[in-house]
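These values consider heavy atoms only, across backbone and side chains, with no hydrogens, waters or symmetry-generated copies. In the text below, chain A, chain B and the rest are named by the order of the sequence lines, each starting its count at 1.
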There are 2 protein chains.
Amino acid sequence: MAETDFTMQDEMRRAFAMLSGKWKLEIMWLLNQRIHRFGELRKAIPGITQHMLTAQLRELEADGLITRTVFAEVPPRVDYEMTPKARGLGPTMEALAAWWAVHGGTVPVRPGAGRRKS
Amino acid sequence: MAETDFTMQDEMRRAFAMLSGKWKLEIMWLLNQRIHRFGELRKAIPGITQHMLTAQLRELEADGLITRTVFAEVPPRVDYEMTPKARGLGPTMEALAAWWAVHGGTVPVRPGAGRRKS
DNA sequence: CGGTATCCAAAATGATACTG
DNA sequence: CAGTATCATTTTGGATACCG
């Protein structure tokens, strides 16, 4: 308990904040299974828009959780992959999913922000 | 894999959504240790406003994660306590905190919404 | 294919003042 | 003590069009 005496709440809050975002956890779950290209993620996550997918991927990249690899091909191809750092999140995600499987029920599914379909 | 074949992503996303909110995880961490009254939570969470604390507590209550007990005393007293259902989250929170303790570093600490101090 | 650029709507958070 | 009521501001998410 010396210099870096962050409390557990602090640690947790920071880690959680990094995964906040409507689609981040789902993206991480998919990348935890295997490398995905942009289009694959798009198809695997029904309802997400290009705009959001791009934005969330950029944030995850900035936080050092995923890597982005661009291939100079035609047609263009971009691969997204989890970093070793992020792979340590696997157990946490499984624990959360397991908890829900036991105690979960119906969730009101709170609406997100953004314009509604006219 | 019969009727209720929710995928792990689904389970996780729902559980995660229930904990979304800038202060919810921190509140849950504190309540996981012991019962707290409103004022105690306020002092234990530097930076939170009455407005936000009330709002987040109400949502946690609506999701069945905490109970609210009002005592007809003067001065008023309100206790908040975790439900048995929520206690199952302990391991998940610890796993997340542990992961951060190992892989975490500095987080940019993204700013929140709302009016800035003038 | 894999983005960016704009514009816009809605939700989330915050400051501040007031109340039983 | 433990809220509620307003209102301001910021972020988030989405629609649509366009680009290398």
Side chains of [X] and [Y] in contact at under 4.5 Å (non-hydrogen atoms):
X      : Y     : answer
B/W100 : A/M12 : no
A/T49  : A/M52 : yes
A/M93  : A/W29 : yes
B/I27  : B/I66 : no

What nucleic acid atoms does [X] come within less than 4.0 Å of, heavy atoms only: base, sugar-phosphate, or nothing?
X     : answer
B/E40 : nothing
B/Y80 : sugar-phosphate
A/R77 : sugar-phosphate

Worksheet item: Are A/V74 and A/F71 in one and the same hydrophobic cluster, where Ile, Leu, Val, Met, Phe, Trp and Tyr link if side-chain heavy atoms are under 4.5 Å apart?
Response: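 Hydrophobic grouping puts A/V74 apart from A/F71.
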
Worksheet item: When clusters are formed by joining ILVMFWY residues with side-chain heavy atoms under 4.5 Å apart, either directly or through shared neighbours, do A/V102 and B/L89 land in the same one?
Response: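 No, no single cluster joins them.
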
Restricting both atoms to N or O, compile the protein contacts to nucleotides 5-9 of chain C shorter than 3.5 Å, with distance only.
from: C/dC8; atom 1: O4'; to: A/R115; atom 2: NH2; distance (Å): 2.9
from: C/dC8; atom 1: O3'; to: A/R115; atom 2: NH2; distance (Å): 3.4

Discussion item. Checking A/R116 now: which residues fulfil salt bridge (charged side-chain N to carboxylate O under 4.0 Å, His left out) with it, not counting sequence neighbours?
Written reply: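 Per chain and number, A/R116 pairs via salt bridge (charged side-chain N to carboxylate O under 4.0 Å, His left out) with no residue.
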
Worksheet entry | Those residues that, when tested against A/E26, pass salt bridge (charged side-chain N to carboxylate O under 4.0 Å, His left out) (two or more places apart) |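 Per chain and number, A/E26 pairs via salt bridge (charged side-chain N to carboxylate O under 4.0 Å, His left out) with B/R13.
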
Discussion item. So, does A/R58 get its side chain near the phosphate of C/dT4, meaning an N or O under 4.0 Å from OP1 or OP2?
Written reply: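 Affirmative; the distance criterion is met.
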
Discussion item. From NZ of B/K24 over to C1' of C/dA12, roughly how many Å is that when rounded to an integer?
Written reply: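 It works out to 11 Å between those atoms.
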
Discussion item. Distance check needed: D/dG13 C1' versus A/K22 NZ, whole Å only.
Written reply: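 A/K22 atom NZ is separated from D/dG13 atom C1' by 7 Å.
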
[X] side chain vs [Y] backbone, donor-acceptor pair below 3.5 Å:
X     : Y     : result
B/H36 : B/R34 : yes
B/W99 : A/K85 : yes
A/E59 : A/Q56 : no

Worksheet item: Counting side-chain heavy atoms from C-beta on, which of D/dG3, C/dG14, C/dG3 comes nearest to B/R68?
Response: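 Within the option list, the nearest is D/dG3.
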
Discussion item. What's the closest nucleotide to the side chain of A/V78 if the choices are C/dG2, C/dG14, D/dG13?
Written reply: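 Selected nucleotide (nearest to the side chain): C/dG2.
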
Tabulated below should be each protein N or O lying under 3.5 Å from an N or O of nucleotides 17-20 of chain C; please produce it.
none

Fill in: Earlier contact from the 5' end, DNA chain D, for A/G47 and B/P75
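The residue mapped nearer the 5' terminus is B/P75.
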
Practice prompt. Five pairs at each end of the helix from C/dC1-D/dG20 to C/dG20-D/dC1: take the axis at both ends and give me the angle between them to 10°.
Written response: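 It comes to 50° between the two terminal axes.
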
Worksheet entry | Contact residues, residues 27-39 of chain A to DNA chain C [heavy atom, < 4.0 Å] |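 Here the set is A/R37, A/F38, A/G39.
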
Worksheet entry | Qualifying residue, where the test is side-chain contact (heavy atoms from CB on, under 4.5 Å) with A/L31 and the options are A/R87, A/E81, A/M82 |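 Only match with A/L31 under side-chain contact (heavy atoms from CB on, under 4.5 Å): A/M82.
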
Item to complete: Tell me, with the steps shown, if B/V70 and B/D79 meet side-chain contact (heavy atoms from CB on, under 4.5 Å).
Response: CA-CA 7 Å; B/V70 183; B/D79 278 359; over 6 Å; no

